[in-house]
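As structure tokens, the structure follows; a few thoughts come after it.
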Amino acid sequence: MSDNGTGVRPYRAALYIRLSKEDGDKAESNSVSNQRELIYSYLKDKSDIQVCTEKVDDGYSGVGFDRPALCSLLEEVKQGMINCIIVKDLSRFGRNYIETGRYIQQIFPFMGVRFIAVNDQYDSGRTDSRMDNLLLPFKNLINDAYSRDISVKVRSQIKVRQRRGEYTGNFPVYGYCTDPKQKGKLVTDSEAADVVRDIFSMRIKGYNNGKIAEYLNTHGIPSPMEYKRSLHWRYTTSFKRKPQAEWSPVAVERILKNEMYTGVMVQGKESTLNYKVKKRIRAERKDWIRVENTHEAIIEKEDFALVRKLMLRDTRTAPDGRGLYLFSGLLGCGGCGDGMVRKKIRSGGKEYCYFICSGYKHDRFVCSSHRIREDVVSGVVLEMLRMHLSLVCTENEVRDMMAKLPGQEYRRQKGRRQLEQRRMELARYEKLKRCLYEDYRENLLTKEEYLEMKEAYEASCRGLEGAIEILEGETAASSGENRPHCPWTGRLADRGYVPALDRGLVAVMVEKIVIRDAKQIQIHFQYRDVFASVGQAPEGAVPPGSSLGKPV
């Protein structure tokens with residue numbers, strides 16, 4: 001680099017500018033333009049300094065030193081491209097007392113880098129900077145203390161807002177969006193809320209998390225991350241592992257365990273140790289902040305509790321992988337209390353299924369087999385369930401229950417809406433493919449870039465075409481036996497009459513089934529408080545409020 005006419009090579013300088021509301025910076029005085037103007041004004045008569053670059057970190061706290069623009073600047077310093085750094089004041093470079101002092105007093109002098117803080121009147125290149133070096137630690141300590149004070153105030157204010165039931169997160173949970181009219185208020189996102197309802201319904205029906213994720217992916221339903229990206233949110237997550245995030249069993253489980261869907265605002269699950277350590281730690285459940293009825297519930301609390309109970313049970317998916325066995329996780333031995341296991345035998349060209357005590361299976365001295373056929377259990381449960389429903393369901397209650405359910409027409413409309421959305425997405429990707437080729441022809445893309453992006457778009461198109469084919473079949477059939485979210489309560493139209501059992505009905509109505517011995521079954525129904533409030537039980541039934549026993 002040539003000199004400036006004085007025979008002295010000018011310093012190769014970089015301007016560093018930082019602004020962060022998290023540090024309590026005032027936007028007016030510390031704005032990017034104001035910092036830039038002040039520094040250039042200072043440099044008007046500094047002929048020995050030549051500005052080579054400008055680095056800006058907008059929205060990054062000065063406590064940490066992993067800021068992108070600062071990291072880029074330090075890399076250029078290491079490469080010898082920059083030997084002078086200029087900031088508005090010391091707090092712009094950093095508010096961490098130890099790290100800021102280490103860079104300014106040790107690293108930069110060792111590397112021959114001149115450091116200038118304009119408002120603090122600090123210039124390491126001056127010959128009279130000895131007094132400045134004595135005051136420097138105190139100034140850095142004041143900046144550090146200020147940052148700590150701001151952090152305490154911000155945390156305290158966030159806690160106050162959370163206790164008021166206001167949502168303080170950057171992005172609302174999947175299924176909700178922020179209310180533009182009221183800060184901190186969540187409102188339902190109808191499209192995502194439908195997906196959440198389907199997930200809970202499928203879990204009650206007996207589908208495991210893997211099958212639910214598979215169903216959502218094959219139907220072209222965007223995962224939470226892709227859905228937020230489609231809304232143009234600047235959303236990132238550590239859970240993404242592929243270029244286009246898909247539904248996974250873990251993502252499904254996070255939704256099934258999130259109490260926010262019941263209208264309860266749950267916050268404060270994670271926190272940081274202090275204002276310098278950004279690593280998040282899990283808070284104890286007793287320290288979570290819970291506020292009831294802050295927003296519209298997507299899932300009824302009874303359904304949420306039922307799903308939590310089902311997830312805790314020892315259940316096993318059937319070998320065909322389509323769903324759980326009818327009584328999976330519900331059968332218990334009345335002798336030893338262990339669960340019952342399902343076995344198959346073939347006789348006379350036919351296949352029979354039966355249950356035996358799991359304790360007896362492993363050690364015959366622990367218990368007796370309590371062996372009983374599956375069809376016998378099914379028959380008894382169905383008969384007792386019909387009687388139970390005839391007691392707890394009046395005609396008005398059934399009518400009210402049916403009124404709260406999404407009807408067949410609603411499901412058809414939702415299917416058509418999803419089909420139209422998938423078609424629009426397919427058309428958008430087809431257009432992107434055409435534009436991609438035009439960019440390649442105009443040499444805006446290299447051949448490698450073109451082929452890579454083309455493959456990504458074609459993969460998205462193939463997935464959408466498969467989803468459209470599935471949705472078209474389901475829409476044409478209106479409703480079918482393979483629809484995992486067909487509401488079982490639709491069968492209660494005839495005042496509680498149930499023609500047959502299915503996993504969803506059993507999971508919702510039955511708490512547990514106890515095989516007392518080979519000839520007696522005891523059924524514990526859900527909602528026993530409702531059952532107890534009903535008048536006299538019919539002849540042959542047990543007294544209201546108790547479990548139902550049935551000799552076989």
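In this chain, residues are counted from 1 in sequence order.
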Main-chain N/O of A213 paired to N217 side chain as donor or acceptor, under 3.5 Å:
yes

Taking all non-hydrogen atoms of both residues into account, name the closest pair between V291 and Q162 and its distance.
CG2-O, 3.6 Å

So V187 and C177, side-chain contact (heavy atoms from CB on, under 4.5 Å) or not? Walk me through it.
CA-CA 6 Å; V187 293; C177 54; 3.6 Å; yes

Minimum heavy-atom separation for R67 and S61, please, with both atom names.
NE-O, 3.4 Å

Report yes if the side chains of T168 and Q267 come closer than 4.5 Å at any heavy-atom pair, otherwise no.
yes

Kindly say whether A69 contributes a backbone atom to a donor-acceptor pair with the side chain of D57 at under 3.5 angstrom?
yes

Charged N to carboxylate O under 4.0 angstrom, K185 versus E166?
no

Heavy atoms, side chains only, cut-off 4.5 Å: are C367 and D338 in contact?
no

Y429 side, atom OH; E425 side, atom CD - distance, nearest 0.5 Å:
7.0 Å

Indicate whether the side chain of E296 and that of T188 have a donor and an acceptor atom separated by less than 3.5 Å.
yes

Can you list, pair by pair, the side-chain donor-acceptor contacts under 3.5 Å of residues 349-361, counting residues two or more places apart and other chains?
residue: E351; atom: OE2; partner: R346; partner atom: NH2; Å: 3.2
residue: S358; atom: OG; partner: G339; partner atom: O; Å: 2.8
residue: Y360; atom: OH; partner: R364; partner atom: NH1; Å: 3.4

Separation of I212 CD1 from L256 CG (nearest 0.5 Å):
5.5 Å

Spacing of CZ belonging to F327 relative to OG belonging to S378, to within rounding of 0.5 Å:
3.5 Å

Specify the closest pair of heavy atoms between M340 and G332, including all atoms of both residues, with the distance to one decimal.
CG-C, 3.8 Å

Would you confirm whether Y60, through its side chain, and G64, through its main-chain N or O, come within 3.5 Å as a donor-acceptor pair?
no

Residue set satisfying side-chain contact (heavy atoms from CB on, under 4.5 Å) with Y450, at least two apart, ordered chain then number -> L436, Y437, Y440, K454

Given side chains that start at C-beta, do those of F304 and R308 come closer than 4.5 Å, heavy atoms only?
yes

Non-hydrogen side-chain atoms of L306 and I204 separated by less than 4.5 Å:
yes

Kindly indicate, with the supporting measurements, whether the criterion ring pair (Phe, Tyr, Trp, His ring centres under 6.0 Å) is fulfilled by Y227 and Y174.
CA-CA 9 Å; Y227 182 72; Y174 179 75; 5.8 Å; yes

Distance check, rounded to the nearest 0.5 Å: T446 atom OG1 versus D439 atom CG?
11.5 Å

Would you mind reporting whether Y176 and D189 have side-chain heavy atoms less than 4.5 Å apart?
no

Looking only at heavy atoms, what is the nearest atom pair of V173 and Y167, with distance?
N-OH, 3.9 Å

Pairs touching residues 171-183 that satisfy salt bridge (Lys or Arg N to Asp or Glu O under 4.0 Å), sequence neighbours left out
none

Cation-pi check, R197 to F200: give yes when NZ or CZ is under 6.0 Å from the six-membered ring centre and within 45° of the ring axis, no otherwise.
no

Here the gap from E246 atom CD to L216 atom CG, rounded to the nearest 0.5 Å, amounts to 11.0 Å

Give a yes or no on whether the backbone of E214 and the side-chain of W247 come within a donor-acceptor separation of less than 3.5 Å.
no

Checking salt bridge (charged side-chain N to carboxylate O under 4.0 Å, His left out) between E259 and each of R254, K269, R290, R285, which is the one that passes?
R290

Yes or no on side-chain contact (heavy atoms from CB on, under 4.5 Å) for T294 and L186, after CA distance, side-chain angles and deciding distance?
CA-CA 8 Å; T294 60; L186 295 181; over 6 Å; no

Would you say that Y261 contacts I255 through its side chain, given a criterion of any heavy-atom pair below 4.5 Å between the two side chains?
yes

Heavy-atom neighbours of E300 CD exceed 12 at 6.0 Å
no

Residues, nucleotides or ligands: over 12 heavy atoms within 6.0 Å of E270 CD:
yes

Distance col, row M424:CE vs R428:CZ, nearest 0.5 angstrom, shows 9.5 Å

Taking C-beta and beyond as the side chain, do L331 and I515 meet within less than 4.5 Å on heavy atoms?
yes

Between the side chains of R203 and N208, is a donor N or O closer than 3.5 angstrom to an acceptor N or O?
no

What's the verdict on salt bridge (charged side-chain N to carboxylate O under 4.0 Å, His left out) for E292 and K301, showing C-alpha distance, side-chain angles and the deciding distance?
CA-CA 11 Å; E292 298 274 351; K301 290 185 178 181; 2.6 Å; yes

Please test E253 against K257 for salt bridge (charged side-chain N to carboxylate O under 4.0 Å, His left out), starting from the C-alpha separation and ending with a verdict.
CA-CA 6 Å; E253 185 169 349; K257 289 184 175 181; 2.7 Å; yes

Taking P68's backbone N and O only, do any of them form a donor-acceptor pair with S72's side chain (distance below 3.5 Å, no angle check)?
no

For a quick test of reading the model, state the closest non-hydrogen atom pair linking C461 to E430 and the distance between them.
SG-OE2, 4.0 Å

For I521 versus V377, what's the shortest heavy-atom pair and its separation?
CD1-CA, 4.1 Å

Test side-chain contact (heavy atoms from CB on, under 4.5 Å) applied to I289 and K159, M265, R164, R161, the passing residue:
K159

Check whether any side-chain N or O of D58 sits under 3.5 Å from a backbone N or O of S20 as a donor-acceptor pair, and report yes or no.
no

